[in-house]
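Reading through the structure tokens given below for one structure.
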Amino acid sequence: KAMNPEAPRRDNWEKEHPPEHSPVPGEKSSRAGRVKFVFLVLFFAIMLVIGVLFLPRMAQLATEQGRAQFIAWVRGKGAWGVLFFLLLQVMQVVSFLIPGEFFEVMGGALYGTVGGFFLCMAGVLTGSVIIFLLSRALGYEVVENLLSRKRFDRLQFLQKEGRLEAVVFFLFFIPGTPKDALTYFVPFTRMNMGTFLVLSSVARIPSVLSSALVGSNLAQGNFVLPVLIYAVIGALGLAGVWWNKRLLDRKNQPQDGGN
């Protein structure tokens with residue numbers, strides 16, 4: 001049977017997880033489109049509910065007095081406030097529509113450096129579990145359509161990477177790397193969920209901790225340390241973008257004598 005040269009390179013995953021039947025032409029893309037539509041509708045419906053309940057309070061963050069009132073309001077909710085913030089963090093990880101630093105800084109402002117850090121890490125861990133299981137359940141093509149074929153193609157080398165654990169760790173550790181697409185792609189490599197959770201969580205610790213520290217200082221009216229921290233993070237982020245592009249370009253170069 002002739003191979004389609006335009007088809008995405010899914011060798012490892014499709015060999016280990018063959019389809020139960022041969023779909024008629026267009027069946028896969030139609031199914032992927034339906035799943036994507038339902039997923040997006042559910043996600044935006046949830047976001048709308050959260051927006052109605054929560055976003056009006058965000059206007060308070062514009063003033064110092066408002067920030068104090070906002071923090072008091074969330075803390076006053078007790079365990080429900082903690083649970084609500086955890087839900088926001090999980091949704092951020094799964095949806096990746098809002099930068100994670102926003103919620104990490106908010107966590108530090110609400111619960112201090114230590115409390116915000118552990119809450120954010122719990123959200124990251126929970127969201128990562130959901131992504132891993134969801135990706136395996138939906139399959140390669142559906143997840144690829146949910147994100148971007150171009151971004152997935154850039155990560156294809158991970159399926160044959162000999163130093164997979166080290167490469168994944170550093171991709172999560174370095175600022176400026178595409179952690180959203182990476183989180184959804186890793187389930188289609190040989191890495192198991194336990195290894196993925198340990199590596200990705202440990203690699204995120206410096207970023208989450210520094211953001212929580214920034215939020216805690218901002219809540220106390222200290223702006224010097226946050227500026228210094230973000231200056232360092234900004235410099236590391238620029239270096240990370242360069243390093244990530246260099247790595248992906250090198251890994252995606254055609255190999256001499258390859259197919």
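FYI, the numbering just counts along the sequence from 1.
No side-chain heavy atom of Phe172 sits under 4.5 Å from any side-chain heavy atom of Val202. Annotation: side chain of Leu218 is not in contact with side chain of Asn222 (no heavy-atom distance under 4.5 Å). The shortest side-chain heavy-atom distance between Leu83 and Lys77 does not fall under the 4.5 Å cut-off. Side chains of Leu164 and Arg190 form a contact here, defined as non-hydrogen atoms less than 4.5 Å apart. Leu248 places a side-chain heavy atom less than 4.5 Å from the side chain of Leu155. The shortest distance between side-chain heavy atoms of Ser200 and Lys179 does not fall below 4.5 Å. Looking at heavy atoms from C-beta onward, Asn217 lies out of side-chain contact with Ile229 at the 4.5 angstrom threshold. Glu165 has its side chain within reach of Thr195: a pair of non-hydrogen atoms, C-beta onward, lies under 4.5 Å apart.
Taking both residues in full, the closest heavy atoms of Val214 and Tyr230 are given as CG1-CE1, 3.4 Å, listed atom of the first, atom of the second, then distance. Of all the heavy atoms in Leu125 and Ser201, the pair that sits closest is CD1-OG, 3.6 Å. Counting all heavy atoms, side chain and backbone alike, Pro206 lies closest to Phe173 at CG-CE1, 3.7 Å. Closest approach of Ser211 and Glu101 over heavy atoms only: OG-CG, 3.9 Å. Between Ser135 and Phe188 the shortest heavy-atom distance is O-CZ, 3.3 Å. The shortest non-hydrogen separation linking Leu182 to Val168 is CD2-O, 4.4 Å.
The number of heavy atoms from other shown groups lying within 6.0 Å of CZ (Phe118) does not exceed 12. Atom CZ of Phe169 sits in a crowded spot, with more than 12 heavy atoms from other residues, nucleotides or ligands closer than 6.0 Å.
To the nearest 0.5 Å, the span separating CD on Glu104 from CG on Leu213 amounts to 12.5 Å. For the atom pair CD1 of Ile174 and CG of Leu236, the computed distance is 8.0 Å after rounding to the nearest 0.5 Å. In this structure, the separation between CZ on Arg75 and CZ on Phe85 is 12.0 Å, given to the nearest 0.5 Å.
Hydrophobic clustering of Ile, Leu, Val, Met, Phe, Trp and Tyr side chains at less than 4.5 Å, counting indirect connections, keeps Ile205 apart from Ile233. Hydrophobic cluster membership is shared by Met191 and Tyr140, with clusters built from Ile, Leu, Val, Met, Phe, Trp and Tyr side chains linked at under 4.5 angstrom. Note: the hydrophobic cluster containing Leu199 also contains Phe157 (ILVMFWY, side chain heavy atoms under 4.5 Å, direct or indirect links). There is a path of hydrophobic side-chain contacts, each under 4.5 Å, that joins Phe185 to Ile130. By the criterion of side-chain heavy atoms lying less than 4.5 angstrom apart, applied directly or through intervening Ile, Leu, Val, Met, Phe, Trp or Tyr residues, Leu247 is not grouped with Val241; the two fall into different hydrophobic clusters.
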Q. Run the side chain to side chain contact (heavy atoms under 4.5 Å, CB included) check on Val232 and Leu228 step by step: do they pass?
A. CA-CA 6 Å; Val232 174; Leu228 293 176; 5.8 Å; no
Q: Go through Phe132 and Tyr184 one step at a time and tell me if the ring-ring contact (aromatic ring centres under 6.0 Å, His included) criterion holds.
A: CA-CA 7 Å; Phe132 200 97; Tyr184 276 91; over 10 Å; no
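Taking the charged nitrogens against the carboxylate oxygens, Asp153 and Arg149 have no contact shorter than 4.0 Å, which rules out a salt bridge.
Not one N or O on the side chain of Arg204 forms a donor-acceptor pair closer than 3.5 Å with the backbone of Val124. The closest donor-acceptor contact from the side chain of Ser216 to the backbone of Ala212 lies at 3.5 Å or more, if one exists at all. A donor-acceptor pair is defined here as one N or O able to donate and one able to accept, closer than 3.5 Å; such a pair exists between the side chain of Thr189 and the backbone of Val186.
With Asp249 as the partner, the salt bridge (charged side-chain N to carboxylate O under 4.0 Å, His left out) test is satisfied by one option alone out of Lys251, Lys245, Arg246: Lys245.
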